[in-house]
Chemist: 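Submitted below is the structure of interest, expressed as structure tokens.
What you see is a predicted model, and the numbers here were worked out from it, not measured in a lab.
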Amino acid sequence: MKNVRELPEGPEAESAPGSPVPATPAEVLLDGHRATRDRVARSILDHGPSSAADLAGRLGLTSAAVRRHLDGLAAAGLVESREQRVYGSRGRGRPAKVFALTESGRDAFYQAYDQLAADALRWIAEAGGGGEAGQEAVAAFARARFNRQGEKYQGALEQAAAEHRTEALAEALSADGYAATVRRVPAATAGASPGGAQLCQHHCPVVHIAEQFPQLCEAETEVFSQLLGTHVQRLATIAHGDGVCTTYVPAPGAAPSPRQGTGAAPTAGTTTEEPPATSARRSPA
């Protein structure tokens with residue numbers, strides 16, 4: 001899971017074996033609070049929309065304690081309250097309030113999307129004939145997917161000046177969850193042509209699939225080149241163990257790709273805070 005952790009039910013959840021030991025009493029209290037909050041969310045997942053009284057009974061907590069945790073989950077956008085659905089005639093009084101997981105709350109628990117995607121790509125490869133033909137079928141799918149993604153970015157890049165299109169692409173990628181930044185690379189020597197920029201993606205939403213199918217990284221690089229109107233060079237990818245997906249983008253008028261030993265681009269895997277290195281290493285796509 002991403003936001004909510006799987007924990008055992010019952011009192012032992014507060015001190016599950018293997019859990020890190022907090023250093024201070026305040027951390028002990030905070031860790032216990034989070035563990036109980038996670039149990040509340042898990043109970044809603046297992047049993048469906050539930051009232052505070054239902055949750056209190058199932059978890060052995062007071063209704064007041066459950067409501068505090070529900071308030072925290074609601075503030076985080078993980079649960080929402082609604083009127084309890086009643087079948088048949090309803091008695092007098094205010095309808096009971098129940099709490100249900102939101103879409104974000106459900107996403108916080110583990111889901112097998114990665115496995116589904118991997119199975120689908122393997123099926124494409126097999127249906128395409130296997131071997132090189134199958135790999136090309138996967139590549140065709142990857143190109144089609146990233147071309148559609150690139151179409152979303154086209155308008156923003158067309159509105160940006162040529163020298164700022166890399167930043168415009170980084171903003172568009174960040175909006176899709178890639179946490180992208182740009183680092184300008186200075187020229188190797190005074191009077192030389194501009195050095196260009198590093199487009200750094202600090203997060204990859206499909207990293208586990210890209211580890212198995214490098215065609216995804218290759219297709220993404222092709223789309224970057226098309227959007228920016230210049231040859232780009234992929235220096236590093238998270239899928240191949242680098243800390244950041246790094247793509248070198250030459251400045252207008254610069255050489256189409258960095259050359260070994262010129263200092264035009266930092267070494268693969270560097271972050272936006274590191275100084276430029278003296279050579280560029282190409283990482284497999």
Chemist: Considering only heavy atoms from C-beta outward, does the side chain of Val207 approach that of Thr237 to under 4.5 Å?
Modeler: no
Chemist: Spell out, as yes or no, whether a donor-acceptor pair under 3.5 Å connects the side chain of Thr246 to the backbone of Cys200.
Modeler: no
Chemist: To the nearest 0.5 Å, what is the distance between CZ on Arg39 and CZ on Arg42?
Modeler: 12.5 Å
Chemist: Atom SG in Cys204, atom CD1 in Ile238: separation rounded to 0.5 Å?
Modeler: 6.0 Å
Chemist: Give a yes or no on whether the backbone of Gly77 and the side-chain of Thr102 come within a donor-acceptor separation of less than 3.5 Å.
Modeler: yes
Chemist: Can you establish whether the number of heavy atoms outside His47 located under 6.0 Å from its atom NE2 is more than 12?
Modeler: yes
Chemist: Taking atom types as modelled and ignoring hydrogens, do the side chains of Thr181 and His202 form a donor-acceptor contact shorter than 3.5 angstrom?
Modeler: yes
Chemist: State whether the number of non-hydrogen atoms from other residues, nucleotides or ligands found under 6.0 Å of Arg184 atom CZ is greater than 12.
Modeler: yes
Chemist: Considering only NZ, NE, NH1 and NH2 on the basic side and carboxylate oxygens on the acidic side, decide whether Arg234 and Glu220 come within less than 4.0 Å.
Modeler: yes
Chemist: Would you mind telling me which of Leu70, Ile44, Leu73 makes a side-chain contact (heavy atoms from CB on, under 4.5 Å) with Leu78?
Modeler: Leu73
Chemist: Below 4.5 Å, heavy atoms only, C-beta onward: do Thr230 and Ser225 meet side chain to side chain?
Modeler: no
Chemist: Is it the case that the side chains of Arg122 and Gln212 hold a donor-acceptor pair, with the cut-off being a distance below 3.5 Å and no angle test?
Modeler: yes
Chemist: Between CD1 of Ile124 and CD of Gln135, what distance do you get to the nearest 0.5 Å?
Modeler: 11.5 Å
Chemist: Can you tell me how far the CG atom of Asp114 sits from the CD atom of Glu211, to the nearest 0.5 Å?
Modeler: 9.0 Å
Chemist: Would you indicate whether the side-chain heavy atoms of Leu169 and Arg165 approach each other to under 4.5 Å?
Modeler: no
Chemist: Would you mind checking if Arg58 and Asp46 are paired as a salt bridge, meaning a charged N to carboxylate O distance below 4.0 Å?
Modeler: no
Chemist: Quick one: are Leu173 and Phe224 in side-chain contact, heavy atoms under 4.5 Å?
Modeler: yes
Chemist: Applying salt bridge (Lys or Arg N to Asp or Glu O under 4.0 Å) to Glu136 and Arg143, what does each step give before you reach the verdict?
Modeler: CA-CA 10 Å; Glu136 178 52 36; Arg143 285 192 292 269; 2.5 Å; yes
Chemist: Please report the interatomic distance CG(Leu227) to CD(Glu222), rounded to the nearest 0.5 Å.
Modeler: 12.0 Å
Chemist: Would Leu216 and Trp123 show up in the same hydrophobic cluster when neighbours are defined by side-chain heavy atoms closer than 4.5 Å?
Modeler: yes
Chemist: Verify whether one side chain among Asp119 and Gln115 offers a donor that lies under 3.5 Å from an acceptor in the other.
Modeler: yes
